[in-house]
Protein chains: 2
Amino acid sequence: MGDLREPLRELIDCGLPQALEVMGERWSFMILRASFNGLKHFEEFLSELGIARNILSNRLAKLVDHGILKREPCADDRRKVEYRLTGKGFDLLPAMISLRQWGQKYGAEFVSEDPVLVDAKDRLPIGPVSILAHDGRVLSHEDLWMVRKDDLGKRSDGSIATSGAGTNTGDIIDIEAARKVAAR
Amino acid sequence: MGDLREPLRELIDCGLPQALEVMGERWSFMILRASFNGLKHFEEFLSELGIARNILSNRLAKLVDHGILKREPCADDRRKVEYRLTGKGFDLLPAMISLRQWGQKYGAEFVSEDPVLVDAKDRLPIGPVSILAHDGRVLSHEDLWMVRKDDLGKRSDGSIATSGAGTNTGDIIDIEAARKVAAR
DNA sequence: AGTTTTTAGTTGCAACCTGAAACCTAATCA
DNA sequence: TGATTAGGTTTCAGGTTGCAACTAAAAACT
């Protein structure tokens with residue numbers, strides 16, 4: 001991260017605390033991963049994760065509360081309940097995978113990482129989860145800068161840079177809108 | 001996620017538990033974010049985060065233990081200690097940002113998100129953290145498949161797909177190596 | 001030099017959270 | 001009908017969190 005240095009000591013507001021409210025709890029990410037892996041039922045999570053019943057019950061309820069999972073009684077067997085990911089839940093996939101990749105890269109023991117996530121098209125393993133520029137270039141942390149919204153879009157020469165047509169799928173941030181808000 | 005469905009109930013091994021051992025603890029990500037923002041000293045973290053002294057002490061020690069921060073006494077003022085990110089710590093950036101972006105997208109309240117992360121080159125806000133295919137295409141969760149290593153690289157027609165020259169910077173997974181190991 | 005302030009901790013204690021085991025209730029199976 | 005399965009809840013021991021007060025060392029003031 002270039003040289004943000006001094007200016008931003010007081011600025012605490014961002015989405016992180018929001019995200020951590022649910023996903024910061026112990027087991028939340030493990031339950032999420034199990035969901036991605038296709039597990040749906042209470043007893044499945046229980047035996048896969050080795051979590052205590054009461055905690056699992058509590059965590060599932062919280063994940064449902066926060067709209068990450070949806071809980072629906074099974075049609076064919078009314079004892080059973082299905083827990084499935086919502087769109088909001090699926091949107092945690094990049095976070096989960098990058099955490100997983102980090103853990104794999106630095107894991108003390110030899111992590112076998114099986115099964116592997118692959119691109120459905122060619123069945124080749126996916127690359128690293130990446131931070132992209134507005135135009136799709138992969139950025140590393142040296143390419144990043146922290147800027148107050150007021151100063152957004154200003155280039156060194158004082159002109160305002162404009163982003164081209166955004167080709168991003170699955171936008172999490174509406175870049176164009178963010179720039180406009182910022183340019184107020 | 002296409003239709004992985006039944007096959008992979010028993011497969012638990014991946015980098016996630018490793019990652020969560022440190023980063024799953026309360027405050028770890030918040031401390032990390034503060035570090036990214038340039039904070040270095042105990043009292044800075046303390047007043048920025050509103051965390052208890054003992055907990056902060058404990059968390060910093062753990063992050064240092066795990067090689068995410070390095071702790072070095074300040075040269076000019078020997079009361080002070082500097083906590084700085086290591087390379088391993090910087091590699092958590094995609095995880096932190098994607099969590100942040102998710103929190104921003106779904107945060108209940110109006111999250112102001114200031115300061116904003118921008119590309120240092122053009123000072124435009126970064127795009128969403130993305131899952132990339134080996135050739136750099138952005139993948140969504142529908143494009144993903146879970147495959148046992150044994151079955152890796154096999155296309156529907158039975159031929160073996162080959163990845164082109166990997167153009168990834170900052171590889172977390174060595175794709176080519178992974179494929180070879182898998183093809184054993 | 002002596003006192004005060006700053007920095008980075010530690011200690012003690014109450015409140016809260018976790019986890020193992022036992023218990024409960026409704027639905028299904030034999 | 002009686003046993004079993006699914007999804008919980010209750011109880012209680014032990015661990016974690018967080019506030020407040022205390023400490024020790026270095027630096028700054030007088």
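All chains are named by letter (A, B, ...) in the order of the sequence lines, taking the proteins before the strands, and each is independently numbered beginning at 1. Reckoned from all heavy atoms, side chains included, excluding hydrogens, waters and symmetry mates.
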K.L.:
Can you find a side chain N or O atom of B/H41 that sits less than 4.0 Å from OP1 or OP2 on C/dA8?
P.N.:
yes
K.L.:
Nearest whole Å is fine: how far is D/dA20 P from B/L46 CG?
P.N.:
12 Å
K.L.:
Could you state the atom-to-atom distance from CG of B/L49 to P of D/dC19 in whole Å?
P.N.:
13 Å
K.L.:
Using heavy atoms and a sub-4.0 Å distance, could you list which residues of residues 70-79 of chain B are near DNA chain C? By number, please.
P.N.:
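Heavy-atom cutoff 4.0 Å gives B/R71, B/R79.
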K.L.:
Under a 4.0 Å heavy-atom cut-off, which of residues 55-68 of chain B touch DNA chain D?
P.N.:
B/I55, B/R59
K.L.:
Considering only C/dC17, C/dG9, D/dG8, which nucleotide approaches the side chain of B/F42 most closely?
P.N.:
C/dG9
K.L.:
Go through the structure and list residues passing salt bridge (charged side-chain N to carboxylate O under 4.0 Å, His left out) with A/D65, not counting sequence neighbours.
P.N.:
none
K.L.:
Give the rounded distance in Å between these two atoms: CZ of A/R26 and P of C/dA20.
P.N.:
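Distance, rounded to whole Å: 13 Å.
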K.L.:
Pick base, sugar-phosphate or nothing for A/Y83, based on heavy-atom distances below 4.0 Å to the nucleic acid.
P.N.:
sugar-phosphate
K.L.:
To the nearest Å, give me how far apart CZ (A/R53) and P (C/dT18) are.
P.N.:
18 Å
K.L.:
Would a 4.5 Å heavy-atom cut-off, applied to side chains only, mark A/R71 and A/R84 as touching?
P.N.:
no
K.L.:
Tell me: CD of B/E44 to P of C/dT6, nearest whole Å?
P.N.:
15 Å
K.L.:
After noting the C-alpha distance and the side-chain angles of A/Q18 and A/M23, does the key distance pass the side chain to side chain contact (heavy atoms under 4.5 Å, CB included) rule?
P.N.:
CA-CA 9 Å; A/Q18 311 273 337; A/M23 299 314 296; over 6 Å; no
K.L.:
For A/N37 and A/L39, indicate whether the former's side chain and the latter's backbone hold a donor-acceptor pair under 3.5 Å.
P.N.:
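Side chain of A/N37 to backbone of A/L39, a donor-acceptor pair under 3.5 Å: no, none is there.
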K.L.:
Are OP1 or OP2 of D/dT17 and a side-chain N or O of B/W27 less than 4.0 angstrom apart?
P.N.:
no
K.L.:
Find the distance A/N54:CG to D/dT11:C1' and express it as a whole number of Å.
P.N.:
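After rounding, the gap between these two atoms is 10 Å.
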K.L.:
Which class fits the ring pair A/F45 and A/Y83: parallel under 30°, tilted 30 to 60°, perpendicular over 60°?
P.N.:
perpendicular
K.L.:
Tell me: CD of B/E82 to P of D/dA26, nearest whole Å?
P.N.:
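So the CD-P distance, B/E82 to D/dA26, works out to 18 Å.
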K.L.:
With a 4.0 Å cut-off, would you call A/D122 and B/R137 a salt bridge?
P.N.:
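Yes, charged N to carboxylate O under 4.0 Å.
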K.L.:
Rounding to an integer number of Å, can you tell me how far A/I51 CD1 sits from C/dT18 P?
P.N.:
9 Å
K.L.:
Is there a side-chain contact between A/F36 and A/L85, using heavy atoms and a 4.5 Å cut-off?
P.N.:
yes
K.L.:
Can you check whether A/V129's main-chain N or O pairs, donor with acceptor, with A/Q101's side chain at less than 3.5 Å?
P.N.:
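Flag set: sc A/Q101 to bb A/V129 pair under 3.5 Å.
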K.L.:
Side chain to side chain contact (heavy atoms under 4.5 Å, CB included) for B/L117 and A/I131? Distances and angles first, verdict last.
P.N.:
CA-CA 10 Å; B/L117 274 168; A/I131 301 162; over 6 Å; no
